[in-house]
J.: 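Submitted below is the structure of interest, expressed as structure tokens.
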Amino acid sequence: LFENICQSLAAHCLHLTLRACDAMGLEVVAHVHDEIIVECDGTRAETVKAQLSRAMSLPQFNGLLASDIWIGDRYGKN
């Protein structure tokens with residue numbers, strides 16, 4: 001029961017963040033578990049990184065969630 005509650009809350013947080021990304025015009029190309037993958041050209045990378053950070057810091061989360069955003073040429077695990 002506890003696992004279902006946790007998974008439901010995590011899915012809701014991801015859904016809210018994806019909607020925020022869409023509202024900001026970010027090009028989300030995929031999401032894997034708790035990761036969101038955004039594609040952009042290299043000249044906008046830092047701007048998109050800041051936008052994604054804002055999307056992941058929504059007021060609904062009350063500062064409870066932390067994010068680690070990195071820029072790369074390809075998808076990979078850090």
J.: Using residues 12-39 as the side-chain source, report each donor-acceptor pair under 3.5 Å to any protein atom, sequence neighbours left out, with the distance given to one decimal.
T.:
| unit_1 | atom_1 | unit_2 | atom_2 | d |
| --- | --- | --- | --- | --- |
| Thr17 | OG1 | Cys13 | O | 2.9 |
| Glu35 | OE1 | Tyr75 | OH | 2.8 |
| Glu35 | OE2 | Lys77 | NZ | 2.6 |

J.: Counting only pairs under 3.5 Å, give me each side-chain donor-acceptor contact of residues 40-59, with atom names and distances, residues two or more places apart or in other chains.
T.:
| unit_1 | atom_1 | unit_2 | atom_2 | d |
| --- | --- | --- | --- | --- |
| Asp41 | OD1 | Thr43 | N | 3.4 |
| Asp41 | OD1 | Thr43 | OG1 | 2.9 |
| Asp41 | OD1 | Arg44 | N | 3.1 |
| Ser57 | OG | Ser53 | O | 2.9 |

J.: Suppose clustering is done on Ile, Leu, Val, Met, Phe, Trp and Tyr with side-chain heavy atoms closer than 4.5 Å. Which residues sit in the same group as Ile5?
T.: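 ILVMFWY cluster around Ile5 also holds Leu1.
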